[in-house]
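Source: prediction; values computed, not measured. First the proteins, then the strands, lettered A, B, ... as listed; each starts at 1. Hydrogens, waters and symmetry mates play no part in the numbers below; they use all other heavy atoms, side chains included.
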There are 2 protein chains.
Amino acid sequence: MEELAEAPTRPHRKQKRLGRGTLTKELIVEAALRILDEGNVNALTFARLGKELGASPTAMYRHFSSRDEIETAVADELIRISLDGYEPLESWMDSLRDLAYRAWHTFSDHPAAAMHTFYRVTLGPHEVRAVDAILEAVHRAGWQGREAVFQYQMYSNLVLALSGRNAAMLAAAAAAGADSGNFWVQEYRPARPQDFPYVSAHHDELRIKDGFEVFSGQVEAMLAAMKAALPAAS
Amino acid sequence: MEELAEAPTRPHRKQKRLGRGTLTKELIVEAALRILDEGNVNALTFARLGKELGASPTAMYRHFSSRDEIETAVADELIRISLDGYEPLESWMDSLRDLAYRAWHTFSDHPAAAMHTFYRVTLGPHEVRAVDAILEAVHRAGWQGREAVFQYQMYSNLVLALSGRNAAMLAAAAAAGADSGNFWVQEYRPARPQDFPYVSAHHDELRIKDGFEVFSGQVEAMLAAMKAALPAAS
DNA sequence: TAAATTAGTGAATGTTGTTGACTATAGCGT
DNA sequence: ACGCTATAGTCAACAACATTCACTAATTTA
């Protein structure tokens with residue numbers, strides 16, 4: 001029996017009405033990310049935001065015009081976190097690897113928020129920073145113009161897709177309430193094993209042990225392919 | 001009562017109550033896929049399913065215990081469609097390429113359903129078929145045991161992630177009501193262009209023209225990397 | 001200090017997923 | 001043919017949801 005907002009032991013916790021400048025876009029986005037981090041993908045509701053901020057649910061509409069707009073802002077915030085403290089490394093390959101790992105780990109740390117991020121175009125300030133950082137490394141490698149943009153697309157598409165799917169699987173597992181120890185175990189036990197000889201033969205090995213290992217290998221393959229496709233001058 | 005034969009001009013006349021064996025898992029899944037295809041990702045509701053099948057919304061609960069279970073069944077159906085008519089080709093690389101393109105095109109044709117598919121483990125009959133088909137090709141290439149499973153993971157992870165993100169972008173664009181001609185245009189116009197020189201310089205080229213071209217290139221790179229990593233005996 | 005903005009509120013609306021009690025129907029045994 | 005029974009389909013109810021609108025009071029400003 002939880003009394004709503006009644007904290008008698010803590011006197012001035014409860015206020016009749018919030019002051020005028022209390023809520024800001026930034027505060028709401030931070031609260032939204034907190035909510036997504038502790039709940040699942042659908043945990044981000046206006047009611048929950050209101051509780052988190054001690055405000056009326058509808059107060060959010062003074063700063064965002066819809067739930068979708070909040071999600072987009074959270075996506076840009078996730079990019080900000082991912083980029084925090086980034087500086088180009090000496091080698092362009094190291095720079096791109098660093099950026100890739102940053103995306104992976106940020107998405108892994110915030111899987112629910114990542115599900116709103118990986119396919120979105122936020123057009124926000126931090127997304128622009130990310131695009132610029134990648135293009136900078138691609139230019140340093142030796143590409144220009146159209147070619148540079150193509151390489152940028154290959155790279156960012158791969159990183160966002162792989163990191164995004166990993167986050168989606170993490171979020172789904174969390175929503176299903178699985179304990180984090182065994183959630184990526186796939187138990188393939190076909191009804192007629194003789195019809196699926198390969199699945200049956202590998203039953204015990206069909207478990208993804210470490211998603212990052214696969215990701216890392218794919219990033220290396222991509223970087224190697226980029227290096228091999230580099231234009232003449234080196 | 002022979003009254004059932006009335007009103008032949010109007011095919012499905014409104015009936016008070018549906019007959020007993022009218023609804024099946026298969027019919028519901030097909031209806032669900034139809035609904036997802038013409039609406040967006042959130043279009044799949046019990047009310048909409050009821051309307052589509054001329055039944056009560058709650059009738060679905062006699063065949064599925066939750067919305068999530070229906071989505072999982074739709075995911076497996078999507079895999080079935082993707083695999084329809086597949087036969088292993090002579091070369092293992094051709095087989096894997098074929099399977100990859102099938103996934104891409106199926107996801108592109110059903111973007112909303114794909115968003116429920118790309119990160120899920122359905123454990124359904126068709127998913128098992130898909131896993132078996134991939135493992136078959138990997139074995140034919142020359143891998144066995146643990147190594148074979150690792151190659152399977154690299155491959156399927158890449159294909160599902162890339163196809164899934166593409167579908168997610170298509171679905172988001174459709175939900176936003178964009179016409180399919182220009183939805184992947186990213187208009188980066190930073191507030192202070194001098195702070196983002198590379199984005200500004202490539203403003204006109206920062207548009208993804210053909211997602212499949214990028215995908216195809218990445219699949220080829222992966223197949224080449226696999227071939228290069230092949231164990232000794234050939 | 002009075003007026004004007006406008007951020008925050010609360011009530012209301014129409015959907016949503018899900019539950020539980022009800023009811024008619026198909027298929028069974030006789 | 002007849003009733004019995006299991007259960008597929010239905011209906012009403014509920015809590016949670018996004019969103020709208022009119023209202024109210026806190027801050028800014030004149």
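Counting any heavy atom pair closer than 4.0 Å across all strands shown, L44(B) reaches sugar-phosphate atoms only and no base atom. Here A59(A) lies in heavy-atom contact (under 4.0 Å) with a base. Heavy atoms of T58(B) sit under 4.0 angstrom from at least one base atom.
One can find a donor-acceptor pair under 3.5 Å joining the base of dT23(C) and the side-chain atoms of R17(B). In terms of polar N and O atoms assigned as donor or acceptor, the side chain of R67(B) never comes within less than 3.5 Å of the base of dG17(C) in a complementary pairing.
Separating the CD1 atom of I70(A) from the P atom of dC17(D) is a distance of 14 Å, rounded to the nearest angstrom. If you measure from atom CG of D68(A) to atom P of dC17(D), you get 18 Å, rounded to the nearest angstrom. What separates CG of N42(B) from P of dC17(D) is a distance of 15 Å, to the nearest Å. The distance from atom CZ of F46(B) to atom C1' of dT18(C) is 8 Å, rounded to the nearest whole Å. The separation between M60(A) atom CE and dG10(C) atom C1' is 14 Å, rounded to whole Å. Straight-line distance from the CZ atom of R62(A) to the C1' atom of dT19(D): 12 Å, rounded to whole Å. Rounded to whole angstrom, the span from the CG atom of L18(A) across to the C1' atom of dT24(D) amounts to 15 Å. The interatomic distance linking I35(B) (CD1) with dG17(C) (C1') rounds to 15 Å, in whole Å.
Below 30°, between 30° and 60°, or above 60°: for F212(B) and F215(B) the angle between ring planes is between 30° and 60°, a tilted geometry. In this pair, F46(A) and Y61(A) present their aromatic rings parallel. The plane angle is below 30°, not in the 30 to 60° band.
Nearer the 5' end of DNA chain C, as judged by each residue's closest nucleotide, is the contact made by S65(B), out of S65(B) and R20(B).
In summary, E71(B) and R67(B) engage in a salt bridge, as defined by a charged side-chain N under 4.0 Å from a carboxylate O. By the 4.0 Å N-to-carboxylate-O rule, R48(B) lies close enough to E38(B) to be salt-bridged with it. Here R80(A) does not pair with D76(A) in a salt bridge; the nearest charged N to carboxylate O distance is not below 4.0 Å.
Distances shown here put a side-chain N or O of Y61(A) below 4.0 Å from the OP1 or OP2 atom of dT19(D).
Which of dG8(C), dG17(C), dT10(D) sits closest to the side chain of T45(B) comes down to dG17(C).
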